[in-house]
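Scroll down for the structure; my scribbles are underneath it.
Chain identifiers are assigned alphabetically (A, B, ...) following the order of the sequence lines, protein sequences preceding nucleic acid strands; residue numbering begins at 1 within each chain. We use all heavy atoms of the structure for the numbers below, so side chains are in, but hydrogens, waters and symmetry mates are not.
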Amino acid sequence: MEAGELLRANRRAKLEALRERGVDPYPARFVVDGRVSEIVARFEGADAASLESGAQRVRVGGRVTAVRGHGKAAFIDLSDGDGRLQAHLRRDVLGEETFSLLDNLDLGDFWGVDGVLFRTRTHELTVKAERLVVLAKALAPWPEKWHGLTDHEQRARQRYLDLATNPQSRRVFLARAAAVREIRTFLEARGFVEVETPMMQPIAGGATARPFVTHHNTLDLDLYLRIAPELYLKRLVVGGIERVFEINRSFRNEGISTHHNPEFTMLEFYWAYADYRNLMDLTEEMLCQVASKVAGTEVLPWGEEHVNLARPWRRLGMREAVLAYSDLQPENLGERAALEAAARRFGIADVPRLSSGKLLAELFEATAESRLLDPTFVTDFPADISPLAKRKPEDPELTERFELYLGGMELANAFSELNDPDDQRRRFEEQARATGGVVDEDYVLALEHGMPPTAGEGIGIDRLVMLLTGSRSIRDVILFPLLRPRDD
RNA sequence: GGGUCGUUAGCUCAGCCGGCAGAGCAGCGGGCUUUUAACCCGAAGGUCGUGGGUUCGAUCCCCACACGACCCA
């Protein structure tokens with residue numbers, strides 16, 4: 001028998017030993033007086049003398065994370081993930097029979113005790129167990145107690161082990177929950193209504209990305225997992241929900257990297273009677289509030305450096321950003337031929353096929369994106385890569401759009417929404433010619449019924465959580481990131 | 001897409017110039033009634049990611065593949 005199997009066999013033998021003694025290793029219930037951390041908090045201030053006189057009884061259960069045997073006595077640590085409480089097991093208190101249950105205890109099991117609280121000579125709050133009960137036997141061996149799991153892959157594949165043994169991982173996912181909660185609080189305080197819109201869509205619109213395809217059998221209909229909720233949320237604005245948001249998953253059938261997971265969580269919100277400038281102000285306010293509440297600071301550690309959210313955030317045209325972060329000159333960004341030459345210099349693929357706006361955007365990504373550490377609103381996006389954004393009145397080749405960059409990554413994308421149905425149809429048609437999509441007539445029809453002037457924004461929640469927790473990979477902030485299946 | 005690095009016991013990690021595979025934790029046996037990374041004694045535990053190649057001999061060198069981490073575009 002190999003080592004791993006032997007460890008399992010040992011545990012299974014203990015399980016059988018319990019059953020032979022008439023002990024159910026998976027009892028249906030064990031009523032507790034509270035979670036371990038609640039009990040620890042409740043008696044935090046109680047000193048040894050008051051516990052001595054009070055005879056305070058508690059019933060508590062938890063995962064056994066350490067056992068320290070002393071012959072006719074032992075200490076076991078019970079953990080609830082947030083905290084631990086030790087129990088003192090004494091043979092003379094429990095009796096020979098109950099005390100011998102310890103022989104069948106393994107790290108990772110859930111056990112419960114019932115007893116009286118006291119403080120040891122090192123003043124640690126401890127339960128003197130008068131009952132000892134197995135609550136759930138663990139049959140698989142647990143990782144080592146000092147380091148937990150370190151291998152990134154295994155941490156993601158067996159997230160439960162990561163969460164249970166690495167406090168930092170637990171902090172990341174609790175911070176994630178807190179961030180989402182803060183965003184909801186912030187938006188609801190401003191009258192935004194949370195909705196859910198289709199994840200399966202007959203036309204995958206609202207962004208440019210390859211979609212996942214699925215099929216509805218009864219309707220015999222191909223459907224796409226949404227790449228963005230945008231076009232449905234704007235239909236709701238047409239319907240009179242003038243402040244609306246959704247926090248949920250979108251799906252893009254593209255590469256996986258430290259900044260990309262095929263399914264990811266996005267906040268999208270739409271705000272009638274606002275424009276993209278209002279969105280910049282709101283975004284500053286929202287993200288600063290979330291950072292203060294969740295991370296406790298607006299200066300966030302980011303690798304060797306920091307991302308400083310101090311307001312006001314920089315606002316920079318896309319063109320200006322390229323000029324600022326490369327040796328390119330204004331004339332290199334002018335005529336088509338010059339632009340193509342510049343793009344080739346930076347190793348951009350398929351140069352002749354790309355529109356001039358796309359070339360500029362590619363140059364931006366190649367030169368400036370990774371260097372934008374502190375928050376920067378990049379504005380003045382070309383109209384030909386912004387088919388859903390309103391044109392700038394003073395320059396119809398540009399749009400009222402920005403993307404927010406920080407920590408060298410894109411965090412948000414926002415614009416004054418295009419609400420002219422005729423212009424929208426033309427832009428869809430241009431896009432269809434260029435990239436082979438279809439015109440979403442149903443959406444244009446909605447616009448034909450009239451959408452008020454509206455601003456809308458999408459914020460990548462996973463990347464926001466990366467920033468708030470100092471995580472350099474999106475896989476560290478997604479509980480179960482997509483991984484290649486392992487065949488073993 | 002290109003490059004660099006990693007994969008050794010259940011877990012965390014060593015392993016020098018190619019010559020019998022090492023430790024801590026966990027597990028197993030024994031001891032110990034206030035310990036807390038408990039401690040003390042003892043005996044175990046390995047397809048060195050997978051497949052090829054070079055060599056008298058490969059965890060180690062070469063090639064390919066798988067999975068992962070990081071960097072670049």
**Message:** Just to be sure I understand the rule, does F346(A) reach a base, reach only the sugar-phosphate, or reach nothing, if contact means heavy atoms closer than 4.0 Å?
**Reply:** sugar-phosphate
**Message:** Need one value for K14(A): base, sugar-phosphate or nothing, where a base atom within 4.0 Å counts as base even if backbone is also close, heavy atoms only.
**Reply:** sugar-phosphate
**Request:** Sticking with atom P, work out how far A9(B) lies from G22(B), rounded to a whole angstrom.
**Result:** 15 Å
**Prompt:** Given the P atoms of U59(B) and U8(B), what is the spacing between them in whole Å?
**Reply:** 15 Å
**Request:** Rounded to whole angstrom, note down the C1' distance from G30(B) over to A43(B).
**Result:** 11 Å
**Request:** Determine, stepwise, if the pair V127(A) / I39(A) fulfils side-chain contact (heavy atoms from CB on, under 4.5 Å).
**Result:** CA-CA 11 Å; V127(A) 186; I39(A) 285 166; over 6 Å; no
**Asked** What is the pairing partner of C25(B), taking Watson-Crick or G-U wobble pairs with both distances under 3.5 Å in any strand?
**Response** G10(B)
**Asked** In Watson-Crick or G-U wobble terms, both distances under 3.5 Å, what is the partner of U36(B)?
**Response** none
**Item:** Atom pair distance, as rounded to whole Å: NE2 in H260(A) and C1' in A73(B)
**Value:** 14 Å
**Request:** Hunt down the Watson-Crick or G-U wobble partner of C5(B), both distances under 3.5 Å, from any strand shown, or write none.
**Result:** G68(B)
**Item:** Span that lies between the P atom of G29(B) and that of A21(B), in whole angstrom
**Value:** 29 Å
**Prompt:** Which whole number of Å gives the distance between the P atom of G45(B) and that of U34(B)?
**Reply:** 35 Å
**Asked** How would you label the contact of T258(A) with the nucleic acid (heavy atoms, under 4.0 Å): base, sugar-phosphate, or nothing?
**Response** sugar-phosphate
**Message:** Please report the distance, rounded to the nearest Å, between CZ in F75(A) and P in C39(B).
**Reply:** 14 Å
**Closest to the T150(A) side chain, choosing from C13(B), G27(B), C11(B)** = C13(B)
**Request:** Decide whether Q154(A) and R157(A) meet the rule of one side-chain donor and one side-chain acceptor closer than 3.5 Å.
**Result:** no
**Prompt:** How long is the line joining CZ of R91(A) and C1' of U34(B), in whole Å?
**Reply:** 17 Å
**Nucleotide of U33(B), U34(B), U12(B) approaching L149(A) most closely (side-chain heavy atoms)** = U12(B)
**Message:** Could you check whether R315(A) makes a cation-pi contact with F402(A), meaning its NZ or CZ is under 6.0 Å from the centre of the six-membered ring and within 45° of the ring axis?
**Reply:** no
**Message:** Closer than 4.0 angstrom, basic N to acidic O: yes or no for D327(A) and R345(A)?
**Reply:** yes
**Asked** Expressed as a whole number of Å, how far does the P atom of G6(B) sit from that of C61(B)?
**Response** 9 Å
**Prompt:** What integer number of Å spans the C1' atoms of U33(B) and C39(B)?
**Reply:** 14 Å
**Item:** Whole-Å gap separating C1' (U35(B)) and CZ (R119(A))
**Value:** 16 Å
**Rounded interatomic separation in angstrom, taking CD from Q154(A) and P from U8(B)** = 10 Å
**Request:** May I have the step-by-step check of side-chain contact (heavy atoms from CB on, under 4.5 Å) for R336(A) and L359(A), ending in yes or no?
**Result:** CA-CA 9 Å; R336(A) 175 77 196 187; L359(A) 285 177; 3.7 Å; yes
**Asked** P atom, A26(B) versus A38(B): distance in rounded Å?
**Response** 7 Å
**Asked** Any ion pair linking E16(A) and R19(A) (charged N to carboxylate O, less than 4.0 Å)?
**Response** yes
**Asked** Which side chain to side chain donor-acceptor pair (under 3.5 Å) pairs, counting each pair once, include a residue from residues 121-141 of chain A, with sequence neighbours left out?
**Response** R57(A)-E130(A), R84(A)-E124(A), Q86(A)-T126(A), D106(A)-K137(A), D109(A)-K137(A), T120(A)-T122(A)
I'd like a list of close polar pairs between nucleotides 36-38 of chain B and the protein, N/O only, cut-off under 3.5 Å.
residue, atom, partner, partner atom, Å
U36(B), O4', R68(A), NE, 3.1
U36(B), O2, R84(A), NH2, 3.1
U36(B), O2, E124(A), OE1, 3.2
U36(B), N3, E124(A), OE1, 2.5
U36(B), O4, T122(A), OG1, 2.1
U36(B), O4, E124(A), OE1, 3.4
A37(B), N3, W146(A), NE1, 2.4
A38(B), OP1, K145(A), NZ, 2.2
A38(B), N7, G69(A), O, 3.4
A38(B), N6, G69(A), O, 2.4

